[in-house]
2 protein chains.
Amino acid sequence: MTNTVATKDRIIDAATLLVSEKGYLGATTREIASRAGVTELTLFRHFGSKERLFEALLGRQMFLPRLKEIMPKVDALSYEEGLQVIGEGFLLSLKERKPLIKIMHSEVNHYPDKVRKIYNQLIDATREVLKDYFAGLQKKKVLRAFGPDMAAKAFLGMLFSYFRTEEIMRGVDITRGGRLSRDVRELVDLFVNGTASRNGAKRRHS
Amino acid sequence: MTNTVATKDRIIDAATLLVSEKGYLGATTREIASRAGVTELTLFRHFGSKERLFEALLGRQMFLPRLKEIMPKVDALSYEEGLQVIGEGFLLSLKERKPLIKIMHSEVNHYPDKVRKIYNQLIDATREVLKDYFAGLQKKKVLRAFGPDMAAKAFLGMLFSYFRTEEIMRGVDITRGGRLSRDVRELVDLFVNGTASRNGAKRRHS
DNA sequence: GTCATATGTAAGTAACTACTTACATACCTC
DNA sequence: GAGGTATGTAAGTAGTTACTTACATATGAC
């Protein structure tokens with residue numbers, strides 16, 4: 001068994017890319033095998049069926065929420081700087097998982113349970129970490145009173161929509177030309193300071 | 001030509017629903033015709049091919065951005081109340097267009113140009129209106145200085161992600177039990193007032 | 001009543017797809 | 001060199017799909 005593991009992985013990689021481009025039905029076993037540099041027969045010998053290959057593809061992704069690892073570093077920063085680091089990290093990890101994100105979007109109906117599970121691992125886990133971050137800062141009175149869970153949803157939602165619009169819908173590479181930092185900074189500013197003017201005149205106008 | 005228009009519309013409606021459930025490849029012409037209550041042959045007589053039916057499906061959606069119509073009403077409200085109305089209206093119109101939203105998500109790769117066009121009409125048009133709203137209030141000093149375009153992206157992004165998570169990923173009906181108003185209120189509060197505590201102590205902590 | 005229009009029934013076709021079977025070959029281990 | 005393991009070649013199968021052809025039927029307009 002020299003390179004059997006490598007073969008299996010190459011097939012899964014090819015499948016991940018192809019399914020993310022053409023969808024589960026559009027990605028044929030023949031083309032997946034061809035892109036992996038193996039025969040169709042080899043694909044079936046490894047996975048038995050297309051469906052099981054797809055399950056393996058979904059199952060291989062494990063999201064040790066990387067955010068957890070950078071939180072110590074974040075805790076040493078100011079609130080705004082911390083959010084900046086979190087925001088950029090989140091977007092970069094979305095970018096790394098882009099094929100999987102696309103599969104999640106297209107294949108929710110085809111494989112609801114597994115896809116939702118992935119979604120949970122990817123988004124909800126991150127949200128939990130962020131929620132605790134907010135709650136901690138609220139105790140220290142750095143942050144005002146608000147629902148930390150909804151706030152985490154809001155912050156990640158802004159970023160996720162940004163990612164989907166630019167990378168997936170428009171096909172733009174957000175990592176080029178320092179756009180990422182600049183845009184995140186703008187979003188963080190809004191999230192930290194809100195939009196109302198500071199003099200408390202937020203009641204009525206006209 | 002008694003009910004020829006009705007037939008064509010029924011086919012498009014059936015196709016919209018089926019494609020949103022199973023994707024373009026997963027929705028067979030036979031099942032579409034069956035759901036529309038016609039023969040497969042009738043479908044092909046009307047549209048010539050599955051591809052052209054799909055184009056018709058996408059083309060039929062016209063988004064007179066309904067937000068534009070409610071803006072006069074919004075202008076009479078306070079900033080927060082205005083955002084509340086805008087937010088709820090946006091979510092409700094997403095909910096109405098849910099099948100189309102799902103198609104947009106799944107079929108970006110299959111039909112990039114047309115789908116992007118729809119996306120623009122649906123999201124970007126709304127964003128423009130919101131951007132002008134912000135810019136107007138900034139002139140009146142009701143709002144502080146910030147990039148109105150990114151702010152519009154942020155606000156709609158929060159709402160869109162909320163919609164996608166609850167309605168599409170989790171299959172929850174957001175219109176039930178007053179959840180909609182309550183959640184929008186929470187998001188609006190965050191967007192208006194931000195998250196930092198009011199006493200300006202937003203520099204450092206620990 | 002004739003004619004055009006819209007739809008139906010029935011049968012079929014060519015292409016493709018996931019998957020299989022039978023047999024051969026290369027490589028590694030012992 | 002014997003045998004196990006991973007892969008390849010070649011051919012094929014059963015099912016499905018988009019789409020077609022030929023013929024019949026109903027309906028409304030004039």
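Convention: sequence-line order gives letters A, B, ...; per-chain numbering from 1. Note that the structure is a prediction, hence the values are computed from the model and not measured.
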Asks: List in chain and number order the residues that pass side chain to side chain donor-acceptor pair (under 3.5 Å) with A:Asp173, two or more places apart in sequence or in another chain; answer none if no residue qualifies.
Replies: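 Partners of A:Asp173 under the side chain to side chain donor-acceptor pair (under 3.5 Å) test: A:Lys95, A:Thr175.
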Asks: Could you say whether B:Tyr24 or A:Val38 is positioned toward the 5' end of DNA chain D, judged by the nucleotide with the nearest heavy atom to each?
Replies: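 That would be A:Val38.
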Asks: Rounded to the Å, how far apart are A:Phe47 CZ and D:dT7 P?
Replies: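 These atoms are roughly 10 Å apart.
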Asks: Counting only side-chain nitrogens and oxygens, does A:Thr39 get under 4.0 Å of the OP1 or OP2 atom of D:dT7?
Replies: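 For D:dT7, neither OP1 nor OP2 has a side-chain N or O of A:Thr39 closer than 4.0 Å.
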Asks: Just call it for A:Ala27: base, sugar-phosphate, or nothing, with non-hydrogen atoms closer than 4.0 Å on any strand.
Replies: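 Touches sugar-phosphate only.
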Asks: Using the side chain to side chain donor-acceptor pair (under 3.5 Å) criterion, which residues pair with A:Thr165? Sequence neighbours excluded.
Replies: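 B:Tyr119.
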Asks: Using atom names, set out every protein N or O paired with an N or O of nucleotides 19-21 of chain D below 3.5 Å, distance rounded to 0.1 Å.
Replies:
unit_1	atom_1	unit_2	atom_2	d
D:dC19	OP2	B:Lys50	N	2.6

Asks: Mind checking if B:Gly37 touches a base, just sugar-phosphate, or nothing, with heavy atoms under 4.0 Å?
Replies: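 It contacts sugar-phosphate atoms only.
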Asks: Tell me whether the side-chain N/O atoms of A:His46 come closer than 4.0 Å to OP1 or OP2 in D:dT7.
Replies: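 So the side-chain polar atoms of A:His46 do come within 4.0 Å of the phosphate oxygens OP1 or OP2 of D:dT7, strictly under.
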Asks: Can you check the B:Leu25 CG to C:dA18 P distance for me, whole Å?
Replies: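 Rounding to the nearest Å, CG of B:Leu25 and P of C:dA18 are 11 Å apart.
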Asks: For a quick test of reading the model, state the closest non-hydrogen atom pair linking B:Leu67 to B:Thr126 and the distance between them.
Replies: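 Taking every non-hydrogen atom into account, CD2-CG2, 3.3 Å.
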Asks: What residues form a side chain to side chain donor-acceptor pair (under 3.5 Å) with A:Glu186, not counting sequence neighbours?
Replies: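 Checked A:Glu186 against side chain to side chain donor-acceptor pair (under 3.5 Å); zero matches.
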Asks: Whether A:Thr28 contacts C:dC16 is assessed here as follows: a side-chain N or O lying under 4.0 Å from the phosphate OP1 or OP2. Is that the case?
Replies: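 The answer is no; no side-chain N or O of A:Thr28 sits under 4.0 Å from OP1 or OP2.
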Asks: Hey, can you pull the residues of residues 102-113 of chain A with a non-hydrogen atom under 4.0 angstrom from DNA chain C?
Replies: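 Output list: empty, so none.
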Asks: Answer yes when A:Lys22 and A:Glu31 have at least one side-chain N-carboxylate O distance shorter than 4.0 Å, and no when they do not.
Replies: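 Answer for the salt bridge query: yes.
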Asks: Looking at B:Glu166 and B:Arg179, does any basic side-chain N land under 4.0 Å from a carboxylate oxygen?
Replies: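 Looking at B:Glu166 and B:Arg179, the cut-off is met.
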Asks: Could A:Lys50 and A:Tyr24 be counted as a cation-pi pair, given that NZ or CZ must be under 6.0 Å from the ring centre and within 45° of the axis?
Replies: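 That pair qualifies as a cation-pi contact.
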Asks: Looking at D:dT7, I'd like to know if its phosphate oxygens (OP1 or OP2) sit under 4.0 Å from a side-chain N or O belonging to A:Thr42.
Replies: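 No, no such contact exists.
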Asks: Can you tell me the distance, in whole Å, between the CZ atom of A:Arg30 and the P atom of C:dA18?
Replies: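 Roughly 8 Å, once rounded to whole Å.
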Asks: Between A:Lys102, A:Lys98, A:Arg97, which is the residue that forms a salt bridge (Lys or Arg N to Asp or Glu O under 4.0 Å) with A:Glu167?
Replies: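 Answer after filtering A:Lys102, A:Lys98, A:Arg97: A:Lys98.
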Asks: In whole Å, what is the span from the NZ atom of A:Lys8 to the P atom of D:dT7?
Replies: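 The answer, rounded to whole Å, is 10 Å.
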Asks: Show me the donor-acceptor pairs, under 3.5 Å and distance only, between side chains in residues 33-43 of chain A and residues at least two apart or in other chains.
Replies:
unit_1	atom_1	unit_2	atom_2	d
A:Arg35	NH2	A:Glu21	OE1	3.1
A:Glu40	OE2	A:Thr29	OG1	2.8

Asks: In whole angstroms, how far is the P atom of D:dA18 from the CG atom of B:Leu18?
Replies: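 Rounded to whole Å, this separation is 11 Å.
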Asks: Just the rounded figure in Å: distance from P of C:dA4 to CZ of B:Arg45.
Replies: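 For the pair B:Arg45 CZ and C:dA4 P, the rounded distance is 17 Å.
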